[in-house]
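Everything on this sheet refers to the single structure shown next.
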Amino acid sequence: MQDNSSLQKTIDIGEGAAIPLKSDKGLFTAWRIAFFGAIATCLYLAFFRPDEYMAIFRFIPDGIIVTFKVTVGSIILALIVGLIAGLGRISSNRLINGAASLYVEVIRGIPLLVQLFYIYYALGRFVKIPDMASAIIAMAICYGAYLGEVFRAGIQSIPKGQMEAALSLGMSRFQAMRHVILPQAFKVILPPVGNEFIALLKDSSLVSILAVSDLLRRGREYASETFSYFETYTVIALVYLILTLFFSKLIGIMEERLNEGK
Amino acid sequence: MKGNSEPIIEVSGICKFFGAFQALNNVSFSVADGEKVVIIGPSGSGKSTVLRSINRLETIDRGRIVVHGMDVNDPETDICNVREEVGMVFQSFNLFPHKTVLENLMLAQLVVRRRNRTEAENVSMELLRKVGIEEKANSYPARLSGGQQQRVAIARSLAMNPKAILFDEPTSALDPEMIGEVLDVMKTLAREGMTMVVVTHEMGFAREVADRILFMDHGKVIEEGVPEHFFTDPSHERTKLFLSQIL
Amino acid sequence: MKIFRNIAVAFCLLACSTVVAFAAPKTIKVATDATWPPMEMVDTAKKIVGYDIDFLNAVAKEAGIAVEFKNTAWDGIFAGLDSGQYDAIISSVTITDERKAKYDFTEPYTSIGQILIVPKADMSSRKIADLKGKKIGAQIGTTGAFEVKKVAGVELKTYDEIGLAFEDMAAGRVSGVVCDEPVAAHFALKKQEYKDKFKIVGASFTKEAYGIVVKKGNKELLDILNRGIKAVKAKKLDARIHSKWVK
Ligand SMILES: Nc1ncnc2c1ncn2[C@@H]1O[C@H](COP(=O)(O)OP(=O)(O)O)[C@@H](O)[C@H]1O
Ligand SMILES: [Mg+2]
């Protein structure tokens, strides 16, 4: 059941941005250059090239808010889905285990873009859910599968003796998970979850195909009306860069805090 | 000594297979209230498996285990009730590293015994005093020596007021200079009348504390007897050989 | 290193082929967003068909050139013209002052107007302003979208394809859709799954004309196309194409 070599790997990979930790000097410097460089470029464009750029900066703010809402909403929901999937994957109940494994396999086998289309329009066929909620649900279902694997790996990285000690004190499996295993697993999974968060932030741009007015869609609307494609996408790219760098920094700080607390 | 009263633990004819490998072969014994049973035997003979079967960390394939009137493997039995009554101390301590020593002791009291915080804290501090590490109450386990950790683990078991405690080689992971402090705690418990099943290689402890000694080999109980007889005049060749190697 | 060389070679070939295409306008590449039935769409045989396709083929025949169609997403269709991926666009492009400022248009070849489609159950809405506080869908970067944006109090929701806007209206996520009249007729009157769900309300509320788009200053191609359009109109071929696809 346990395959320790593969879990180590699962824990290590991340498709998000590189998280800048103080210990990694090179990355830390690169982060600063990129982050403050992007901000400086935006300011330059807005104030020294206002004819081309000011209107873009006025057009996109509500898109940034939508991107933020979609990202945060999706990660929260995905964490819940992922926890359930992860617990299901390590369950000894064959039905639950099978269902969770099937979910993870199916979702990981379908491109995110296809899933978004599918879930969004499939949901629309059967239930009336507003567009942003549908987009969040779709993203959460996709990312839940990835986070499920992170949770599984995190839980399995906790030595077996911890569960046994908790059980032999009379705790139920649920209590043992809640009070003993998950709090420890949390520290292990925070870095990969942070990575997934950044990846999700970037992938949230895909919801623009669902006609959700996120940052990218706002940019496309602006560009398709004014034909200033270069200027618009320059701004869109810079804003995404600032957002991802900001959040990876935040996650880096959280990680450092957690390590100090030990 | 106290062998007449109703047994706390009754193991009858249990077998355990790991795949095709038979780890336990028809093991039977019982532990009376207040009795101290020491299980010895070479590595891989099934000692841990016996202990772990008693609180169903392993499920047995044949036979029956009754703890304090509850059939451990009966689907009707809530296994948590059994485990509340039978404490377990592991070779590797298994303290919860994310909780302080005090919190380690309090956790199960709060969520299993449903004691209130004050009561749980009082019980815990009392027990920490008893095992001699109250000054470490607010430290994390990683800051403690192995001997201290194992004493905390024993206190953690005691906090549940168990009817019996199972010890699985509690001193095997310790540096030699720390073995004494843990054995001392266990001896105190024995004197106070705690029912104990102890797997150990500490023959001095066995001789001093045990009411009865079981010798296991290849998943079977080969010999069973009181210490005087067991150490001075074992009846089986296998036992003699083992004792000659270990003493 | 080898990979880089290969990429470089590929780029050169690409650049050369583009240059060749420019130099010999015997065959012109024309972009169309084939998600706008019945004007341009992909049929079950995966062929791009529709009013615009038949029309441009007729024009090309009259002008003595050949046409190669390229299915291209609408948002970005102008950017592709800028970057020289094709020579012209025929995709129900309304001639507007903003577009004329950046691109050259042929003579208008047909006139249409924007129109509102709502769910059958909506008994009160006749025009965009009647849907204040609600969402209206339109394809991104179309005159339909611009019209919705002009009306204060309604929220515009833009789609990559107009079909997705209708699907979203079926799912209740938007309360109306605005698009070109012929397209509206196709979705609301012809399409099986929407016929019972949607209806066209009011009359078309803009006067627009479609033109073929070429890069600013590409006078050579513009003249060829205009010559062809003139001939097609003179022979009344456009009326025949119109009756084939619209109504
Ligand atoms: N989970 C397991 N899977 C397979 N074999 C096991 C497992 N646990 C124990 N065994 C085997 O069962 C035998 C008895 O183990 P154990 O009870 O731990 O012995 P002891 O405690 O006497 O050293 C050993 O041969 C061991 O390898
Ligand atoms: Mg053992």
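In this text the structure is predicted, and so the values were computed from the model without any measurement. Residue numbers start from 1 in every chain, and the chains themselves are labelled A, B, ... in the order their sequence lines are given, proteins ahead of strands.
The most heavy-atom pairs under 4.5 Å with chain A, out of B/Ser92, B/Pro97, B/Ala153, B/Pro162, come from B/Pro97.
Within the 4.5 angstrom heavy-atom criterion, no atom of B/Val82 approaches chain A. Residue B/Leu166 does not touch chain A at all, counting heavy-atom pairs closer than 4.5 Å. Proximity to chain B (any heavy atom under 4.5 Å) is shown, for A/Gln162, by both the backbone and the side chain. Looking at B/Phe96, the atoms closer than 4.5 Å to chain A (heavy atoms on both sides) sit in the backbone and in the side chain alike.
Each of B/Lys99, B/Arg156, B/Gln149 was scored for a side chain to side chain donor-acceptor pair (under 3.5 Å) with B/Asn104, with one residue passing: B/Arg156.
Remark: the backbone N or O of B/Asp71 is paired with a side-chain donor or acceptor of B/Thr77 at under 3.5 angstrom. Although no hydrogens or angles enter the test, the distance criterion places a donor-acceptor pair under 3.5 Å between the side chain of B/Lys16 and the main chain of B/Thr59. Judged purely by atom type and a 3.5 angstrom limit, A/Glu196 has no side-chain atom pairing as donor or acceptor with the backbone of A/Tyr146.
The closest side-chain heavy-atom distance from B/Leu144 to B/Ser139 is below 4.5 Å.
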